[in-house]
Each structure stands twice: as structure tokens, then as C-alpha cells.
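Structure record follows, encoded as C-alpha cells.
All ligand and atom numbering here is 1-based and tracks the order in the structure. Numbering starts at 1 and runs along the sequence shown.
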Amino acid sequence: MRTRILGISGSPRTNGNTAALIEASLKSAKNQEALVEFIDLSELDIRECKHCNECYTTGKCDQTDDLNHVAKRMLLADGIIFGSPCHHATVATALKNLMDRTGRFLHLEGKAASGFVVGRRSGVDLSLASIQFFINVKEMIIPGSVYWPIGFALNPGDIRADTEAMAMASQVGTRVAQLASILVKNPVPWSHEPRPNGEKVRFGDEWK
Ligand SMILES: Cc1cc2nc3c(=O)[nH]c(=O)nc-3n(C[C@H](O)[C@H](O)[C@H](O)COP(=O)(O)O)c2cc1C
């Protein structure tokens with residue numbers, strides 16, 4: 001069975017450095033026979049969490065922006081790769097909003113996941129930690145990479161000169177796809193825990 005790998009760019013720049021890294025990751029995932037999808041949050045409306053707690057009972061967000069669409073794509077994916085620019089030593093707002101809002105209701109446990117960050121100079125480690133904390137608390141599994149998945153660049157496209165970052169992005173794509181393939185065949189026990197709202201982890205036939 002072909003795995004489904006979703007790349008999400010949290011940058012407000014549509015063709016920025018984060019997008020270039022995600023594209024490199026997804027290309028590698030595709031080389032592992034995965035089906036890939038790219039969601040660019042710069043093209044979507046993802047507002048902040050209102051802390052209304054409605055999602056705890058309904059299993060979706062009460063707001064009418066694009067969040068529930070992205071959440072559904074995340075739920076359908078076997079592996080998720082998050083990318084963000086470093087903005088004041090944390091992730092960019094759209095990804096922060098996505099994490100805040102999906103983090104409170106979406107069941108992602110047992111999926112493969114990784115993330116990377118691009119910044120100009122300082123704060124990338126803190127931003128990466130923010131993504132990795134999210135992956136960890138959502139009970140997803142990070143395959144690791146031979147170096148931390150961070151890159152250094154300022155203007156759109158500059159990241160291509162950071163060949164180490166581009167190589168890490170490729171490796172992240174390969175490893176997330178490989179791990180997802182293993183996990184789909186051998187689901188971790190915690191991915192079978194009962195869902196309070198009865199939702200399924202995999203729907204299967206909606207993936208394009
Ligand atoms: C609001 C804002 C805050 C930023 N803060 C940082 C920062 O704290 N550290 C850093 O190294 N770069 C910072 N940058 C630079 C971006 O991380 C850098 O330009 C990156 O390449 C942008 O990636 P993108 O093209 O995917 O948006 C900031 C940029 C913006 C717009």
C-alpha cells in the first residue's frame with residue numbers, strides 16, 4: 001500500500017524558503033513510492049484558537065475558516081512534515097495557529113512526523129523545538145535525521161544555497177515515508193485506543 005505524506009508550510013510567503021524545503025522533502029517521499037500532498041498555509045485562512053473548548057465535544061473546530069479542511073488532510077495522512085520560518089525565535093503564526101487548534105482535538109497518534117525550520121540567523125532551534133514538542137504531545141513518531149533539520153536563508157530561494165539544509169530536507173522526506181510505511185503495516189498500540197468521538201484514523205479513499 002502506498003503511504004500518504006503531507007507537507008505543510010507555515011510560511012506567509014507562498015514560494016519562500018520553507019516551501020522549497022518542503023518540496024525537497026516531498027520529492028524524496030515520492031521516490032519512496034509515497035503519495036504526496038503539499039499544503040501551503042500562506043494560501044489559507046487559519047485564525048487563532050479562541051479557547052472555546054467546543055472541539056473537545058464536537059471533534060472539530062467551531063470556527064469557519066480553513067482549519068477543519070487542513071485537519072482532515074492531516075488525519076488522512078500517514079506521515080506529516082511540518083515546515084516553518086523562524087519568526088522571533090518561534091514558528092510563524094499560521095503554523096502556531098494550526099498547532100494550537102488541531103492540538104486540542106485531532107488524533108494523530110502513531111503517524112510518522114518531522115519538521116524543519118529556516119531562519120536568517122538566530123532562534124531556529126527554539127522554533128524547531130516548538131514543532132517537535134507538538135509532534136511529541138500528539139504521539140506521533142519522529143524518525144530523526146543525521147543532522148538537525150534547520151536551514152539558514154533570508155530571501156526567497158536563498159535556501160537552495162544551503163546545501164546541507166536541502167540535503168536534510170530530502171532525508172527527512174525519505175525517512176518519514178519509510179517510517180510511515182512501517183507504521184501503516186504495524187500500527188503502534190496507541191493508535192487503536194478508542195476515540196471519544198468515534199472518528200477514524202484512516203478514511204482511505206479520499207486521498208487524491
Ligand atoms: C516577522 C519575522 C520575524 C523573523 N524572525 C527571525 C528570527 O527570530 N530569527 C531568524 O533567524 N530569522 C528571522 N526572520 C527571518 C526569516 O526566518 C527568514 O527570512 C526565512 O528565510 C523566511 O522563510 P520563508 O521564505 O519560508 O518565509 C524573521 C522574519 C520575519 C518576517
Could you give all pairs that pass the salt bridge (charged side-chain N to carboxylate O under 4.0 Å, His left out) test and reach residues 93-106, with sequence neighbours left out?
-> D65-R101, K96-D100
By side-chain contact (heavy atoms from CB on, under 4.5 Å) - contacts of A92 (at least two apart) = P12, S84, P85, H87
Sub-4.0 Å heavy-atom environment of ligand 1, residues by chain = S11, R13, G16, N17, T18, P85, C86, H87, H88, A89, V118, G119, R120, R121, S122, A153, L154
Residues two or more places apart in sequence or in another chain: which of them pass salt bridge (Lys or Arg N to Asp or Glu O under 4.0 Å) with D158?
-> none
For T14 and S42, test the side chains for any donor-to-acceptor distance below 3.5 angstrom and give the result as yes or no.
-> yes
Using atom types as modelled and distance alone, determine if a side-chain donor or acceptor of T90 lies under 3.5 Å from a backbone N or O of C86.
-> no
Around atom CG of N15, are there more than 12 heavy atoms of other residues, nucleotides or ligands at under 6.0 Å?
-> no
